[in-house]
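Data block below; observations after.
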4 protein chains.
Amino acid sequence: MSVQNEQTALNVSSVTGRPLTKRGEATRRRLLEAAEHVFADQGYHEASIVKITERAGIGLGTFYLYFDSKQTIFESLVVDLNQRVRHSMAEAMTGAASRLEAERAGFAGFFHFTARHPALYRVVREAEFVSPDMLKLHYTRIVEGYEAGLRRAQQQDEVDRTLDPEIAAWALMGMGELIGMRYLLWERTADGDGPATLPDEAFDALMHFIDNALSPREHGQNSKEGENS
Amino acid sequence: MSVQNEQTALNVSSVTGRPLTKRGEATRRRLLEAAEHVFADQGYHEASIVKITERAGIGLGTFYLYFDSKQTIFESLVVDLNQRVRHSMAEAMTGAASRLEAERAGFAGFFHFTARHPALYRVVREAEFVSPDMLKLHYTRIVEGYEAGLRRAQQQDEVDRTLDPEIAAWALMGMGELIGMRYLLWERTADGDGPATLPDEAFDALMHFIDNALSPREHGQNSKEGENS
Amino acid sequence: MSVQNEQTALNVSSVTGRPLTKRGEATRRRLLEAAEHVFADQGYHEASIVKITERAGIGLGTFYLYFDSKQTIFESLVVDLNQRVRHSMAEAMTGAASRLEAERAGFAGFFHFTARHPALYRVVREAEFVSPDMLKLHYTRIVEGYEAGLRRAQQQDEVDRTLDPEIAAWALMGMGELIGMRYLLWERTADGDGPATLPDEAFDALMHFIDNALSPREHGQNSKEGENS
Amino acid sequence: MSVQNEQTALNVSSVTGRPLTKRGEATRRRLLEAAEHVFADQGYHEASIVKITERAGIGLGTFYLYFDSKQTIFESLVVDLNQRVRHSMAEAMTGAASRLEAERAGFAGFFHFTARHPALYRVVREAEFVSPDMLKLHYTRIVEGYEAGLRRAQQQDEVDRTLDPEIAAWALMGMGELIGMRYLLWERTADGDGPATLPDEAFDALMHFIDNALSPREHGQNSKEGENS
DNA sequence: AATGAATGAGAGTTCATTCAT
DNA sequence: TATGAATGAACTCTCATTCAT
């Protein structure tokens, strides 16, 4: 799906297929925003369309002018959040002087976004059970960007050339996910308040770990060895 | 919860709190076994008490003699699975000569378990949305063991002493989860067939990445530095 | 409702009661035509205003400039169809030399119409449940004509004078309805293809039955007798 | 479907397929009885499961232990009414000395039943739009019995041998239906009160008409002739 | 005269849980 | 100890109708 498609997708009703008026587009936005909060707070199954439309301040029936079903808006939300987190990361990484700096900036962008939009975390992970294909899409899109960056850095000897960039990308993503869960979401109070981003010590410790993993070694002693049992 | 408690839990009704007769214990076992299959096959929300009791060959009302609710039996299952996956990992690590070997063995044990019981592992992951506390317990128990192992290895200079073992443990767990999802669960066909474990190349590449991250550096150049933006 | 009324009804808005402009009249026509097809294809309850306006190529809101409600346009249709089936029958009977010939021609006209517009006739029958008064009107109008014909024939001794013409008319109508349903509508394939009219044998057998019922008996042995139990 | 099947069908849940307990059978009966009234009063589409269960004094969810859906209970009702009207007619005809007497008795039984159970009429006719197959079954079962009776009477020269008994049976059924509608149902007040059966004059007039149609003619002048246009 | 976004009452249906047996 | 009929709150979704444009 090209960027062009992603953008125009927002201007077309997913039910009637016709382009939305300005008013219609605003309504759609309000629904998505409400859905983000409701899904994040209550989870997919506890969420209901009534709760979403009430939060959006919109009539129940109106929902069905914009989305086919609860599943549909959920999937739209995953796509939406995916775009936004990637945007947030890309923006943070702009102008980074080195691989390390870019790495830090990218992770910082991710944690910032996650802290501000806990929905990202919950909605995306719950997608595994609601809409597995959307989950794949989400992870794959992010990993692809990551992997490309690692390959470029390897060519410039900023990253250990003996690493498999695909595996490394998935591993890095996994770290981000679990650390985000542990240090951002689990720290949230029942009121919904939580840290604005990862504490510095944790962030630095993680970056140190990652730096260790990626940095080129002085000597070639890191050749692959051993067997998978 | 001590091991003693975990074991005796099976001999006591979780509803009345009284010890079970032999017959009662058998009924409880059948319910748990049926629940394991039903939750694994259909997921928490699609599963129903009727399906569980039918599979167990037991009357619907009987269920409530043994469990308070659907959620209760689900949590019992998560505890059970947590024990089993930790057992699988511990067994694999027994007798490892070095930190690296233990690392390999532990991950291999984890991937084996996941590959063999993909649906069961699904239950654990779904716990995030059904019973968040159980998920915390599950992750925390695993991470604690990991962290302790890292600390011991650091004392013997098998692991970089400048690493934060807690962060490292969560990071490693995150890798395992996402790589397992990507290369084990996603590779399964619709028939339910999938790889018996992680492919060697992927496994070796991951271990190489981890080894990089954990191995002590010759010089002190890896000191922490930089700011969290 | 006189013929004059029936005709002018088309030139007046059934909502505002004011005469329609040429453009307005065209719109009303398109709505009625679309409604005829939609009601015939899908039945009253499956039909929806949206489907009708879409088929008419007209905005949804516009519908309510011409008709009060779904029921209103349905009733307009029933009136229209009643006129058409009576016209079809009357035309067929024109110029019949004898009572028997007229009888044959009238039934033939009815069966022709039903066979050619089975779905339209469905609309009329469904009126029994949507708008009972319209159905009464429909049946009564047809029966009245029938009854008048029977009375005239009795005066000319072409029909048994001991018969009650009202009962006979309703009985004849009932035959036509059920036989039409049985041998025309039920014989239609799923593709919508069916006989062009009643098979000759069936038609002749029915006419024979009717002739028996109506023909004057030689002797007076058919006087009314017996008790209703 | 044999009589044996029809009887045992009532002892088995149409949802679970298991035999019903005495209590279960009573509940099923109450639902059918309530459905008869609700469908008759309000029609299929206006009827709702809530209305049915409320009238039956039964919880909403209980409905689904006995019937899959509104359509299912409707069809069960058609079958039930069909059995009862045929029973009512057969009983009335028992011991009739002659064909004419049997005819009178059968029609009288039909009108009695219709007058007491207006549901029969409304439900059966509405079946044309709700469940066409059930309608066919209903009419066909009744007509088959009728036709067989006519054939027997023809062999004994009690009925005109030149008549086609199948056509005659459908014609007779059509008369009964429309006359019943006209003189029983249309005469009902809004309170639901109506005549206990057909007025004597109407009934006698109808029987006279039928007798004309069926009685053997003295001479053979009634041979079939003419063309279907 | 024409439009279509918005509405909400009310539909059919599910299922965890209760309780009389 | 075991049962399963009964329950009803809560769900998703439809569509005739309104009204601001």
Side-chain angles (χ1 to χ4, degrees), chain A residues 13 15-16 18 20-24 26-28 45-53 58-71, chain B residues 13 16 20-21 23-24 26-27 45-54 58-73, chain C residues 13 16 20-21 23-24 26-28 45-54 58-72, chain D residues 13 15-16 18 20-24 26-28 45-53 57-72:
Chain A
S13 161
V15 174
T16 64
R18 276 183 298 188
L20 292 170
T21 63
K22 212 167 228 167
R23 186 185 179 193
T27 304
R28 196 188 126 99
H45 289 94
E46 283 304 301
S48 75
I49 291 170
V50 172
K51 286 174 187 165
I52 293 172
T53 51
I58 273 174
L60 167 59
T62 308
F63 176 90
Y64 292 91
L65 296 178
Y66 295 92
F67 300 97
D68 279 334
S69 63
K70 187 167 127 177
Q71 166 118 359
Chain B
S13 162
T16 65
L20 294 168
T21 64
R23 186 185 176 193
T27 305
H45 289 93
E46 283 302 299
S48 73
I49 310 285
V50 170
K51 285 174 188 163
I52 292 171
T53 51
E54 269 177 359
I58 274 173
L60 168 58
T62 309
F63 176 90
Y64 289 90
L65 297 178
Y66 294 92
F67 298 96
D68 277 336
S69 65
K70 187 176 164 181
Q71 170 131 348
T72 304
I73 195 173
Chain C
S13 163
T16 65
L20 293 169
T21 64
R23 185 185 176 195
T27 305
R28 190 177 193 277
H45 289 94
E46 282 303 299
S48 73
I49 309 286
V50 170
K51 285 173 187 164
I52 292 171
T53 52
E54 269 177 359
I58 275 173
L60 168 59
T62 310
F63 176 90
Y64 290 90
L65 297 178
Y66 296 91
F67 298 96
D68 278 335
S69 65
K70 186 176 166 182
Q71 170 130 349
T72 304
Chain D
S13 162
V15 173
T16 64
R18 276 184 297 189
L20 291 171
T21 62
K22 212 166 227 166
R23 186 185 178 192
T27 305
R28 196 188 127 100
H45 288 94
E46 282 304 301
S48 74
I49 291 171
V50 171
K51 286 173 187 164
I52 293 172
T53 52
I58 272 174
L60 169 57
T62 308
F63 176 90
Y64 291 92
L65 297 178
Y66 295 91
F67 300 98
D68 279 335
S69 64
K70 188 168 131 176
Q71 166 116 1
T72 305

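To find a chain, count down the sequence lines: A is the first, B the second, and so on, and within it residues start at 1. Nothing here was measured: the structure is a model prediction, and the numbers come from that model.
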(request) Quick one: closest heavy-atom pair of C:Lys70 and C:His45, and the distance? (result) NZ-O, 3.8 Å

(request) May I ask you to evaluate whether D:Thr27 reaches the phosphate of F:dA6, defined as a side-chain N or O under 4.0 Å from OP1 or OP2? (result) yes

(request) May I have the distance from C:Phe67 (atom CZ) to F:dT18 (atom P), rounded to whole angstrom? (result) 16 Å

(request) Round to a whole Å and report the spacing from CD1 of C:Ile52 to P of E:dA2. (result) 17 Å

(message) Looking only at the side chain of B:Ile58 (C-beta and beyond, no hydrogens), which of the listed nucleotides F:dT3, E:dT7, E:dT3 gets closest?
(response) F:dT3

(request) Please check if the side chain of B:Thr53 supplies one atom and the backbone of B:Ile49 the other of a donor-acceptor pair under 3.5 Å. (result) yes

(message) According to side-chain contact (heavy atoms from CB on, under 4.5 Å), who are the partners of C:Ser48, at least two apart in sequence or on a separate chain?
(response) C:Val50, C:Lys51

(request) Name all residues meeting the side chain to side chain donor-acceptor pair (under 3.5 Å) criterion together with C:Glu46; count only those two or more places apart in sequence or in a different chain, and write none if there are none. (result) none

(request) Convert the base pairs of DNA chain F into dot-bracket notation, remembering that pairs crossing earlier ones are written with [ ] and that bases paired across to another strand are shown as |; include only Watson-Crick or G-U pairs under 3.5 Å. (result) .||||||||||||||||||||

(request) Go through C:Ile58 and C:Phe63 one step at a time and tell me if the side chain to side chain contact (heavy atoms under 4.5 Å, CB included) criterion holds. (result) CA-CA 8 Å; C:Ile58 275 173; C:Phe63 176 90; over 6 Å; no

(message) I'd like to check the side chain to side chain donor-acceptor pair (under 3.5 Å) partners of C:Ser69; sequence neighbours left out, ordered by chain and number.
(response) C:Thr72

(message) Working to the nearest 0.5 angstrom, can you tell me the gap between D:Phe67 CZ and D:Thr62 OG1?
(response) 12.5 Å

(request) Consider the side chain of C:Leu65, meaning its heavy atoms from C-beta on, and name the nucleotide among F:dA5, E:dA6, E:dT3 that approaches it most closely. (result) E:dT3

(message) Working to the nearest 0.5 angstrom, can you tell me the gap between D:Arg28 CZ and D:Leu65 CG?
(response) 12.5 Å

(request) Report, as a single string ordered 5' to 3', how protein heavy atoms within less than 4.0 Å touch nucleotides 9-15 of chain E: B base, S sugar-phosphate only, - not at all. (result) B-SSBB-

